[in-house]
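Reading through the structure tokens given below for one structure.
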Amino acid sequence: MSKQNDILLPSPLFRDPIYDCPTDPTVIWNQAEGMWYLFYTQRRPTDTAIGVSWVHGTKIGVASSRGGGKWLYRGTLEGLDIERGHNTFWAPEIIWAEGIYHMYVSYITGIPTDWDYPRQMLHYTSLNLWDWNFAGRLDLKSDRVIDACVYEIAPHRYKMWYKDEAHDSRTYAAISDDLYEWTVLGAEVTDCAQEGPNVFELGGQKWMISDFWSGLAVYHSEDFCHWTRCANLLEQSGHRPMDRGLGHHADVLVRGERAFLFYFCHPYASECDDDDSAPETLTKQDRNKAVVQVAELFIRNGELHCDRDAQVFWPV
């Protein structure tokens, strides 16, 4: 769907020029600069890796765009460390609420070479999306929590959804009236293991999407609490440049009556080995690389849909 003067977005939308592996994207308007900002986990597939060290030691990458059609890499967020050493930051959730930006980010001490290390959720605040003040560690009654999503479900009442790996990687929820102190509500989506939940409203309805590693699971709710499974998204490769493989860990940005799905995919991963357009010889580093893509969401017959192959036009 496009209107006069809308900007045609490229495919891929963004590639990280340092490590070529931006994941877990989130897009927000920077009010101080009058620009769109893209934040993401800057994975390191081109660095020497032992085990899974390449997905650790990650910083939060930043790219900006005035119109949405061309994105400039701006570096990484600095000053986030809460202890000495080279540590790990994953999956930023950034919202504007109560007159300030809030970031909830997954954190791991150091650079582990395996998965058996605690994960925490950290909270930061900022007025300009660059200078962040540490507001504390969230007590979510688990030491294996990642991938926060925060949404205002009623005036000044906020709900967080996140993956709890200590409880079969189900989606758990917490509630807050001030964005600082959170009360854990317990498991909320339990039909399958998943990560990267994202909640939004579109067409007067409440939706959740999450990454269950076979595409994106979609849920519908009447109350932000009880969720009904719907048809999946991004289960099949697309045909746009580098839009191959499953769609992973997505963010939804609603603009008026339109919604845009920002996701990442591995264009040369093993899941698309049968793709004739992929290089004949791929290194392990190549298979781990990722790009950020975007598709427009729409509702048809009460179901959430997106056409992965359609051109995407960004409203100006």
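Bear in mind the structure is a predicted one, so any value in this text is a computation, not a measurement. Atoms considered below: every heavy atom in the structure, side chains included; atoms not considered: hydrogens, waters and symmetry mates.
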Verdict with supporting geometry, K141 and D139, salt bridge (Lys or Arg N to Asp or Glu O under 4.0 Å): CA-CA 6 Å; K141 310 306 179 184; D139 180 9; 3.0 Å; yes
Step-by-step side-chain contact (heavy atoms from CB on, under 4.5 Å) determination, F264 to V291: CA-CA 5 Å; F264 78 91; V291 299; over 6 Å; no
Worked check of side-chain hydrogen bond (donor to acceptor under 3.5 Å, both in side chains) between Y263 and D251: CA-CA 6 Å; Y263 59 95; D251 179 47; over 6 Å; no
Check against side-chain contact (heavy atoms from CB on, under 4.5 Å), L72 and S65: CA-CA 6 Å; L72 175 67; S65 175; over 6 Å; no
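Taking the six-membered ring where the residue is Trp, W314 and W36 present perpendicular rings, their angle passing 60° and hence far from 30°. Aromatic ring orientation, H167 versus Y172: tilted (interplanar angle from 30° to 60°). Below 30°, between 30° and 60°, or above 60°: for W132 and Y124 the angle between ring planes is above 60°, a perpendicular geometry.
The minimum heavy-atom distance linking S237 with G245 is given by the pair OG-N, 2.7 Å.
Contact of the W207 side chain with the V218 side chain is registered, since non-hydrogen atoms from C-beta on lie closer than 4.5 Å. Contact check for L304 versus I299: side-chain heavy atoms found under the 4.5 Å cut-off. Between D81 and F89, the closest side-chain pair of non-hydrogen atoms falls below 4.5 Å. You'll find the side chain of W130 reaches within 4.5 Å of the side chain of R74, heavy atoms only. For the pair F134 and L122, the minimum side-chain heavy-atom distance is below 4.5 Å. Here the side chains of L38 and V62 are not in contact, with every heavy-atom distance at 4.5 Å or above.
Rounded to the nearest 0.5 Å, atoms CD (E188) and CG (D164) are 13.0 Å apart.
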